[in-house]
Every structure is written in C-alpha cells, then in structure tokens.
**Q** 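Please see the structure below; I have some questions.
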Amino acid sequence: MTQQLSEQEIVRREALAAIRELGIDPYPAQAFDVSHHAADLHRDFDGTEGTFTEVSLAGRIMSRRVMGKASFAELQDSSGRMQIYVSRDDICPDENKDLYNKLFKKLLDIGDFVGVKGYMFTTKLGEKTLRVEEFTFLSKSLRPLPIVKRVTNEETGEEEIHDAFTDPELRYRRRYVDLVVNPQVRDIFITRSKVMTAMRQYFNAQGWLEVETPILQPIHGGAAARPFMTHHNTLDTDLYMRIANELYLKRLIVGGYDGVYEFGKMFRNEGMDRTHNPEFTAMEIYVAYKDYEWMMTMVEKMLEQVVTEVTGGSVVEYSGNQIDFSGPYDRLTMLESIEKYTGTDLRGKSEDEVRAFCKSQHIEVDNSMGLGKLIDEIFGEKVEANLIQPTYITDYPIEMTPLAKKHRSEDGLVERFELFVNGKEIANAYSELNDPIDQRERFEDQLKLAERGDDEAMVLDEDFLRALEYGMPPTSGLGIGIDRLVMLITGQHSIQEVLFFPQMKPEVKQGTTSADEE
RNA sequence: GAUCCGGUAGCUCAGUCGGUAGAGCAUUUGACUUUUAAUCAAAGGGUCGUGGGUUCGAGCCCCACCCGGAUCACCA
C-alpha cells in the first residue's frame, strides 16, 4: 500500500534519515531513567537555586522557540508540561556542536520524544524551567500533531485556546492525538478510572468478591435488548455477546458467595446516540440476605463516598444544576411520583381508566399497551425529567420486570427501584426473584410477548431455572451504568466523551468502492 | 429511521453575485544567548468529502452517495 505523504511528513522522514546519519538512533532501545514529572516540579520547586539539581524528565516536545545559540521548548509528559532551556554550549561542551546545531535546531520536530537531564531555575519572567545539561533523543514522530495554543489573556486572566483540536470525528477516530493535545480529555479518563477504583474499594471493604462471567453466552438473558450474534467454529454453535450478566451473577449467589460484583462490557445491537454506544460498561452487584431497601441505603452511601473521593466534594455541577450526591436520597413509589407531578392518584385505577388519563394528558398510547406499560409511559412523559437530584423511584409494574420479586404487600408490583439523576436513570435494582416456580411463569409470560412479535422479550434460560431450583438465598441486586455515571461526574453530555474509542463507521479510504450491501 | 447543520492547506477557519484558492498557526530558508501564541524577513504547501448534472465557466447552483454532529423516535 502506498501512501501519499504531505510536505511535512516528507520533511520528518528526511529528518529521521539525517538523525541516523549523525550516528543517533531515532528509536533507541534502552530505558531512560525519569526522576520527576512536570507536575511534581511545578508543585515542589520553589525557585530556590541549588535545589532540584539532578532532574531528568522525558516526554514530547510540544513547542520550540529557537534564538540562535539558546532555545526554549516545552516538554509534555503524562502529568503536564515543563519549559526547558537548552543552550548550545551546555549540551555540546566539546568542539562538535551537531547535537544542538543539527539535531535540536533542525531535525527535532513537535511531537518527538526526548529525555533531558539538568537543574531547575526560574527565568526572569518567573517561569519555572529546567536548564538542560544532557539531551537524549528518544523517539521520532513522523506526523505533525495539531498545534493547540493556550495563552492567558493578560486583561481578563482567562485562558484562551487557539486552534483547538475540536472536530469530533477526528478526535474520536484518532483518540491518541486527542489525548496528546487536549489535557482536559486526558483528565476525563483519569476520573473514569478513579470512579471505578473507588467503587471497587468500597465493595472490597465489605468483603464482596469481584468476579468475571461469560461474555459469549448461548442464551442472551438478563435484559430486554437485541443481541449481537457470533459463531464458535469448533463447537459449531451460535453464541450471543452478552446483553447482561445478571443471570450468571445470581448463579454465583446460588453457589454460596455472600456478595459478587462485576464491571463488564455489555453489548446491545441497537441504535446509537448521545447516550448509547453498542458496547458499554455496567457494574452489577448481588448481595445475599438483603432486599431492595437495604440496597438503596448502600447505593447512596457508596455514591456519596465515590463522588467525594473523586471530586473532593459531594456536589457535581451538570447542565447548570448543582447535583448533591450526599444521601439519603428521596424515595418515591412510581405511583406517588406520578401523583406528585400530575396531581392524579392512579392507585387502584383500572387499565381503561389509566388509558383515559393518558389521553387526557395527550400521551400517545395504543391498545396493545397493558396497565404496566401505560403507567411507565406516564412516568416517562411527566415525571422523569423532573428528577434532577438523586431520587429513588420504587415499586414498578410486574409486567416489565420478569426477574424481580413480587412486592411484599402491593399486588401487581415488584420490589424494584431505579435511581434517577438529572432526569436520567443511572441505576436499577431489585429484590431478586428467587422463587423458581414464579420465575418460570415470568419467563413464560415473556415467551408469549415474543410470540406476539416483541423481539426484545426475555428468553427462557433453563439452566438458570435449574440453579434457582437448587435454592438461592434472598438477594438484592443492582446495576449501574458506569458510562452515564462518569458523564455526570465529569460534566460530559455525550457518551463518546467518556469512552476512549466510541463506535464509529469504518473510515472510508479514498479510491476504494464499497460493494453494495443487502 | 426522519429532519437540520457541517466536510476547503498538517491544524483552526474565511471564501462576496458563479469568473485565476485565502488567513493565522504549523513547515522550509535566514537573523537573534532568558523566550511566553517569541519576534523579524522570505518561500513552499490544495483532487475544495465522492460521483454525476447545469453552465462558456462550479468551492459556490441541482441530484445521488459517503462521513460526522445536533434534534426527534427506540433503547440503558
């Protein structure tokens, strides 16, 4: 495959060859010993001469200002940037000045990796700077990076960004470039990692076990969604990419663990938009001998701790709302929430009465909708968007929740809650159904839905029923959409901003014609 | 899936009424030993997303398609 090189790419390849001609390996194998990171030096060096005299840094050259025999450059490592001062006679004490005159001034490009050793000082303009005594070339960059310039406006004191690398398509397709030039993007993923670490620490401290369960499943159970299908050649059997791991985690509770949790990718063959990616991360946890009321208390404690550990406080700003994750959170049953936001109490109402209410509220309904579906529609239209502060909605209609236990006192409802924040669901939990006979009937109800054409109805999993027949303790289970939680905590409005590599259509290469599909 | 917006130099963008393709940064050459988007002088760099059409002439108008974004519908 031949590629058309731009002028700048040709120049960089010529520089690569010239570096080799100087006897310098542009891709040396040996390790470079790093003593500090840029952020450490900005924090710890107070300007006192004679401190920080043996400092070595490594990273990319991000800018360079050459003034004859002396130069300034910015070196960027994983922590940030440090200005370096390079003087010809410092790095070339002998007669041969090639290292400065040729390598540093001519052959070095923005994006190249270098290692520098020297001592810290403060320039007359007050910037902490590393004066370089030893300069080591570490890796050549053959493609120009986008040049993003940040400058502090002297009048307003605000940071202005020039020539920002903002095109979403390029940013997502070349996330590595995005991460190099946009530090705020790097920070989002650091926060994402911290969120997951803080959750793990919370669960591990309770003695619950982190587990892994199959991604390739013969039956796509545990949720209502269209799956991806694949095929195992040796077994000659079709397999599904999991849409949920719920049924496997419950099998582990049957097996005797007190608590199990899994952070896992789920795969759903459905539409994509600002809040949906075909693969996404869910955290599911199951704890024996507990119910959904206990789970609500656990979740609010856990989220308060996680948000506080990650952000330094319990309040997060999102879409102009101050969202406070400190518990306890409001708890409303679904019917109470509808009464609160519509003024109408639907308790004890018949399906026809509820349908008439929908029409009076201009909510679109059709005759295939049962009572549970109608109530869910009203909730979605009238209530959901109002739930800005973390709020538990409890006690859902039984029809839509085949894996939850029937309510201990309310007919037609199940012991389920969802946690809403900023008008969006971020967690879903049940007192888990552990009655194998009831569970079989619920699966059979789902089969009837499937026969009526519902391609998202849940599939009957005979082995899961067998596990329940051996006996499962009363258990509460919870799922949290990690991507959406991270969106909230980092203030992002697109799931693509919290996934390193969001799903994209394949890049089209020029000159190729794609065969017609279908 | 529907509607709207966008795709022009390595990057960010401008491009008037349809009449020779523009700027800043980046790149190249030169000057400069404490710069701060360094500065100064000069130069090179384009299949205007793809394919058709209208026209004497298309970045611009028309049609189709590709990619992306936003909104809506469905879903978590």
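All chains are named by letter (A, B, ...) in the order of the sequence lines, taking the proteins before the strands, and each is independently numbered beginning at 1.
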**Q** Suppose you measure atom P in B:A26 against the same atom in B:G49; what distance do you get, rounded to whole Å?
**A**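 Going atom to atom, P in each nucleotide, I get 26 Å.
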**Q** Centre-to-centre under 6.0 Å for A:Phe379 and A:Phe420, is that the case here?
**A**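 Yes, close enough.
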**Q** Distance check, C1' atoms only: B:C5 and B:A9, in whole angstrom units.
**A** 24 Å
**Q** Roughly, in whole Å, what's the span from CZ in A:Arg174 to C1' in B:C67?
**A**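 Nearest whole value for this atom pair: 13 Å.
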**Q** What's the gap between B:A58 and B:G52 when it is taken at their C1' atoms, as a whole Å value?
**A**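 Comparing C1' positions in B:A58 and B:G52 gives a spacing of 13 Å.
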**Q** Which nucleotide in the list B:C32, B:G45, B:U35 gets nearest to the side chain of A:Thr129?
**A** B:U35
**Q** So if I take every side-chain heavy atom of A:Phe280 and compare against B:A76, B:C67, B:U12, which nucleotide ends up nearest?
**A** B:A76
**Q** Cation over ring, A:Arg200 on A:Phe263, under 6.0 Å and within 45°?
**A**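 Yes, A:Arg200 lies over the aromatic ring of A:Phe263.
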**Q** When you compare B:G1 with B:A23, how far apart are their P atoms, in angstrom units rounded to a whole number?
**A** 42 Å
**Q** With side chains defined as the heavy atoms from C-beta onward, is the minimum distance between A:Tyr100 and A:Ser71 less than 4.5 Å?
**A** yes
**Q** Considering just the side-chain nitrogens and oxygens of A:Arg65, establish if one lies under 4.0 Å of OP1 or OP2 belonging to B:A38.
**A** yes
**Q** Return the 5'-most residue of the pair A:Lys106, A:Pro146 with respect to RNA chain B, ranking by each residue's nearest nucleotide.
**A** A:Pro146
**Q** Using a cut-off of 4.0 Å on non-hydrogen atoms, how would the nucleic acid contact of A:Glu127 be classed: base, sugar-phosphate, or nothing?
**A** base
**Q** With no angle test and no hydrogens, is the base of B:U28 tied to the side chain of A:Gln8 by a donor-acceptor pair under 3.5 Å?
**A**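 No, the side chain and the base share no sub-3.5 Å donor-acceptor pair.
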**Q** For B:U71, does either OP1 or OP2 sit under 4.0 Å from a side-chain N or O belonging to A:Arg274?
**A**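 For B:U71, OP1 or OP2 has a side-chain N or O of A:Arg274 closer than 4.0 Å.
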**Q** For A:Arg143 and B:G10, is the shortest distance between a side-chain N/O and OP1 or OP2 below 4.0 Å?
**A** no
**Q** Kindly write out the residues that satisfy side-chain hydrogen bond (donor to acceptor under 3.5 Å, both in side chains) with A:Ser431, not counting sequence neighbours, or none if the list is empty.
**A** A:Glu415
**Q** If you pin A:Lys105 and A:Pro278 to their nearest nucleotides in RNA chain B, which one's is more 5'?
**A**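 Checking each residue's closest nucleotide, the 5'-ward one belongs to A:Lys105.
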**Q** With a cut-off of less than 4.0 Å, is there a side-chain N or O of A:Lys424 near OP1 or OP2 of B:A76?
**A**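 No, because none of the side-chain N or O atoms of A:Lys424 sits under 4.0 Å from OP1 or OP2 of B:A76.
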**Q** Any idea which of B:U12, B:U36, B:G44 is nearest the A:Leu170 side chain?
**A** B:U12
**Q** Just by modelled atom types, is the A:Glu7 backbone N or O under 3.5 Å from a matching donor or acceptor in the A:Arg12 side chain?
**A** no
**Q** For RNA chain B, which residues of residues 492-500 of chain A approach it to below 4.0 angstrom with any heavy atom?
**A** A:Gln496
**Q** Ignoring the backbone of A:Ser6, work out which of B:G44, B:G10, B:C67 is nearest its side chain.
**A**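 In terms of side-chain proximity for A:Ser6, the closest of B:G44, B:G10, B:C67 is B:G10.
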**Q** Using the side-chain heavy atoms of A:Ile110, tell me which of these nucleotides is nearest: B:U33, B:G68, B:U27.
**A**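 Ranking B:U33, B:G68, B:U27 by closest atom to the A:Ile110 side chain puts B:U27 first.
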**Q** When you get a sec, tell me which of B:G10, B:G68, B:C11 is the closest nucleotide to the side chain of A:Phe165?
**A**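 From the listed options, B:C11 comes nearest.
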**Q** I'd like the C1' distance from B:C60 over to B:G53, given in whole Å.
**A** 15 Å
**Q** What's the gap between B:U8 and B:G51 when it is taken at their P atoms, as a whole Å value?
**A**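 These two P atoms come out 15 Å apart once rounded.
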**Q** Quick check for you: among B:U35, B:U27, B:U12, whose closest atom lies nearest to any side-chain atom of A:Thr166?
**A**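 Closest of the options to the side chain of A:Thr166: B:U12.
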**Q** Side chain of A:Ile147 only, please: which of B:C25, B:U33, B:C67 is the nearest?
**A** B:C25
**Q** Could you tell me whether the side chain of A:Ser87 has a donor or acceptor atom within less than 3.5 Å of a complementary atom in the base of B:U33?
**A** no
**Q** What I want to check is whether an N or O donor and acceptor connect the side chain of A:Asp273 with the base of B:C74 at under 3.5 Å.
**A** yes
